[in-house]
Amino acid sequence: MPRAAVGQLTSTASMAHNLRLCQQLVSKAARSGANALFLPEATDYIASSADESVGLVKPVDESEFVLGLREEARRERLPIHVGVHEPGVDSRKVKNTVLWINENGDIAQRYQKIHLFDVDIKDGPVLKESASVEPGSRILPPFSTPVGKVASAICFDLRFPEISIALRRQGADIITFPSAFTVPTGQAHWGPLLQARAIETQSYVIAAAQVGKHNEKRTSYGHSMIINPWGVVLAELDKADDEPAIAIADIDFDLLKKIRAEMPLARRTDVYPEV
């Protein structure tokens, strides 16, 4: 069975520092026998302001972080799924994207987050992602990888089941949610939402999460997970460690086929629209 590794770290505004953390994760994943490594949203950097984010962003072919991670993938022959920033069409904004870097170090797939996180929590964080991030306009069909057909979504996309259902209909085996959940929303909703997406699509869910204090303004919940199509949590990282960490799980295609065969989800698209 193919093996997936999910990584967890605390990104800062230093891309060089974050690359060093990811190099540790790549090494750990390779030693574990993983066939792919999944990293969080915004792994390249987490800034303390929109202006700082726009000042840090670089095209992927100029980003020291992306270039360094591509070299790691090539050296270890290990595909890497990673969340980064890219320059926006509007120079005052950035794109929140996830890249699939294949074992040759090439960027083979790119998805741009379509649902942006605008939230004002009482006695909690106020975040307006739409003020500095351009939304994507489409979901991408699942693509073949050494761990199965992978479909990408990002963080706040998790709250919209339509995306996962559409990706499952298009043939996904694994749906990913690289994320940087806040602590209040993570404590309330992170686990239940991930398990719901796995159960309702009968797919594996891999959710790599940022964890801990990034700067004075922002802290992430963590709890990176791999969940099977029955909703069972196979692997979870539960806290901020002194160093970046991985968790691993095998992707059992026999189980996936068994669940889908024994409980077929025949949608009544004669009654409601197909997603």
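Scope of the values below: all heavy atoms of this structure, side chains included, with no hydrogens, waters or symmetry mates. Small disclaimer: the values here were computed from a predicted structure and weren't measured.
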Looking at Glu262 and Lys258, is any side-chain nitrogen of the basic one under 4.0 Å from a carboxylate oxygen of the acidic one?
yes

Assess whether a salt bridge exists between Asp118 and Lys128, defined as any Lys/Arg side-chain N lying under 4.0 Å from an Asp/Glu carboxylate O.
no

Taking ring pair (Phe, Tyr, Trp, His ring centres under 6.0 Å) as the cut-off, I'd like each qualifying pair that reaches into residues 252-275, sequence neighbours left out, listed once.
none

Gap between atom OH of Tyr111 and atom CG of Asn96 - 0.5 Å precision:
9.0 Å

When every non-hydrogen atom of Arg159 is compared with those of Thr185, the smallest separation belongs to NH2-CB, 3.8 Å

Regarding Lys113 and Glu129, does a basic nitrogen lie under 4.0 Å from an acidic carboxylate oxygen?
yes

Please check if the number of heavy atoms outside Lys28 that lie under 6.0 Å from its NZ is greater than 12.
yes

Qualifying residues under salt bridge (Lys or Arg N to Asp or Glu O under 4.0 Å), relative to Arg74, sequence neighbours excluded:
Glu71

For Ser179 and Tyr221: C-alpha separation, side-chain torsions, deciding distance, then whether side-chain hydrogen bond (donor to acceptor under 3.5 Å, both in side chains) applies.
CA-CA 9 Å; Ser179 297; Tyr221 179 61; over 6 Å; no

Would you please test Thr269 and Glu274 for side-chain hydrogen bond (donor to acceptor under 3.5 Å, both in side chains) and show each step?
CA-CA 5 Å; Thr269 54; Glu274 183 173 64; 5.1 Å; no

Partners of Glu134 by side-chain contact (heavy atoms from CB on, under 4.5 Å), sequence neighbours excluded?
Val89, Asp90, Lys93, Lys95, Gln112

Which pair of non-hydrogen atoms, one from Pro146 and one from Asn35, has the smallest distance, and what is that distance?
CB-O, 4.0 Å

Stepwise side chain to side chain contact (heavy atoms under 4.5 Å, CB included) check, His81 with Ser152
CA-CA 9 Å; His81 187 265; Ser152 299; 3.0 Å; yes

Would you call Glu103 and Arg75 a salt bridge, taking side-chain N to carboxylate O under 4.0 Å as the test?
no

Do Glu86 and Lys58 meet the salt-bridge criterion of a basic N to acidic O distance under 4.0 Å?
no

